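All heavy atoms count here, side chains included; hydrogens, waters and symmetry mates do not. In the text below, chain A, chain B and the rest are named by the order of the sequence lines, each starting its count at 1. Predicted, not measured: the structure shown is a model, and the values here were computed from it.
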Amino acid sequence: MYLFNTLKKRKDEFVPIDESNVRMYVCGPTVYDRAHLGNAKTPVAFDVLYRVLCNKYGKEHVTYVSNITDVDDKILDKHKKTGKPIREITEQTYQWYIDDMAKLNILPPNHRPRATEYIDEMIELVKLLLKEGHAYETNGHVLFDVDSMPGYGFLSGRSMKEMLAGARIEVADYKKNPADFVLWKPSDADQPGWDSPWGYGRPGWHLECSAMSAKLLGNTFDIHGGGADLIFPHHENECAQSMCAHPGEKFANYWVHSGMLMVDGVKMSKSLGNFYTIDEVLEKAPAEALRLMFLTTHYHQPFNFTFEGLEAAKQTLDKFYNALLKVKEIEPKDDASADERVVGALEDDLNTPLALSYIHELVNALNKAEDQDEKQELKGKLLKSAYLLGILWQDPKEWFRGGADDEAQEIEELIAQRAEAKKNKDYALADEIRNNLKARGIILEDSPQGTTWKKA
RNA sequence: GGCCGGUUGGCAGAGUGGCUCAUGCAGAGGACUGCAAAUCCUUGUACAUCGGUUCAAUUCCGGUACCGGCCUCCA
């Protein structure tokens with residue numbers, strides 16, 4: 001198995017530290033508002049990776065952690081703006097996020113730790129960094145001392161000189177080096193905070209992931225993932241904290257980053273008016289179409305979102321489910337396993353577009369299959385392969401009829417009337433019935449076995 | 001200014017030092033059908049540009065152009 005490793009800037013053979021416990025940590029969202037499309041793309045990519053790892057090493061041998069950041073200045077801002085209690089904001093947003101993830105068929109990670117539940121671990125980590133001489137206390141803050149770490153910048157490939165050339169680092173006069181970042185900062189009495197050796201305060205963002213990953217996965221684990229925008233400064237700083245606090249440890253062996261989401265060729269942003277939340281896009285298309293759409297581009301590439309692309313993904317699913325609908329009554333072979341070409345494509349740095357091309361081939365073969373054995377085998381292989389991608393989990397009838405159950409009986413009656421008209425060669429009446437249903441968004445399909453219907 | 005990635009047929013998007021061929025959508029023709037739909041068959045069109053390496057480059061190396069991301073909170 002191969003993964004593109006940001007540490008080496010190339011595809012790298014994946015060798016876990018312990019095959020009986022493969023460990024992955026992926027940075028999750030800060031819960032202050034509805035999750036947007038970018039917040040969907042990254043978890044989908046890592047969900048596929050999780051599925052592939054489970055397939056290769058066995059589900060019980062993989063530990064997947066994805067955190068929830070529920071203490072952050074953005075949450076404070078939201079609280080100031082809306083007046084809503086912090087706890088209410090984080091709980092509500094957390095629930096929205098979990099619901100969105102479930103709709104996208106993302107398997108729950110083994111742990112979804114919340115930052116506020118690991119404050120003790122964070123405080124211990126800061127103490128350790130102070131003791132090791134990698135941090136200093138000033139103005140009520142505890143800062144990480146980047147000059148104390150030789151090689152700071154190795155993950156993002158930046159030298160200190162380059163970082164300063166950007167000249168957009170927050171400069172505070174109490175910092176020894178402008179690149180020093182906050183480990184612990186003071187809170188006002190009305191702000192969320194915890195008592196610490198440095199007074200009432202709250203953790204810096206980067207600290208959370210270092211503390212939670214160490215607690216749940218150990219000081220060195222296999223894969224650390226997230227969106228490409230986190231490489232610097234977030235992941236760079238996590239590396240710095242974790243490696244300095246635990247000398248000799250490598251923190252994460254493989255750093256995997258998913259490409260950014262764009263809309264109509266440019267970055268998605270509120271000011272450009274091209275900003276979409278997951279739930280508003282799901283009003284226009286099924287969640288499975290959104291998931292499939294992300295998989296049509298390699299996870300490492302930037303993804304350009306368009307509603308045309310979303311519609312195309314829905315059409316592809318129509319094709320897939322149509323093939324499954326035709327073999328609905330056929331039991332898939334129970335000892336079926338995923339197509340080895342699909343597994344091969346996915347184990348080669350999650351080449352989902354290539355894997356999907358094989359899914360298309362399986363669907364085509366299934367459409368052409370004539371004898372029972374062949375259909376059973378292909379259906380089994382298709383479903384197992386699709387599971388690795390997290391698609392085709394629905395009942396095909398449900399896919400086509402979703403939300404039209406209350407009309408089902410009436411539609412069946414109209415189909416019966418039309419069959420009668422066809423029998424009498426009254427094609428005018430037959431076509432009228434079909435056209436009327438079409439106007440309501442119901443598509444009829446005749447076959448030698450009778451007539452079936454779908455919702456458009 | 002620094003760092004990173006991209007440029008493949010009408011569109012989306014993989015991949016490869018030489019082979020008949022990605023795949024899908026769209027287009028054209030056909031089969032099936034009362035007509036449709038779905039499905040099947042056939043089919044056209046491609047590797048930004050300039051150099052280098054090579055018997056051979058879309059594929060490797062270098063330059064150029066253009067596009068995008070990151071360098072500030074961000075998945």
Interatomic distance, A:Leu310 CG vs B:rC25 C1' [rounded to whole Å]: 15 Å
d(CD1, A:Ile231; P, B:rU72) in whole Å: 14 Å
With a 4.0 Å cut-off on heavy atoms, is [X] in touch with a base, just the backbone sugar-phosphate, or nothing at all?
X        : value
A:Thr296 : sugar-phosphate
A:Pro29  : sugar-phosphate
A:Leu356 : nothing
A:Gly38  : base
A:Lys74  : sugar-phosphate
A:His257 : nothing

Residue-phosphate contact under 4.0 Å: A:Asn304 side-chain N/O, B:rG68 OP1/OP2: no
Distance below 4.0 Å between A:Ser357 side-chain N/O and B:rG24 OP1 or OP2: no
Test side-chain contact (heavy atoms from CB on, under 4.5 Å) applied to A:Asn424 - qualifying residues, sequence neighbours left out: A:Glu420
Per A:Phe232 side chain, nearest of listed nucleotides B:rA26, B:rC71, B:rA14: B:rC71
Per-nucleotide protein contact string for nucleotides 28-40 of chain B, where B marks a base within reach and S marks sugar-phosphate only (heavy atoms under 4.0 Å, - for neither): ------BBBBSSS
RNA chain B: 5'-proximal contact among A:Leu37 and A:His360 (nearest heavy atom): A:His360
B:rC32 - base-pair partner by Watson-Crick or wobble geometry, distances under 3.5 Å: none
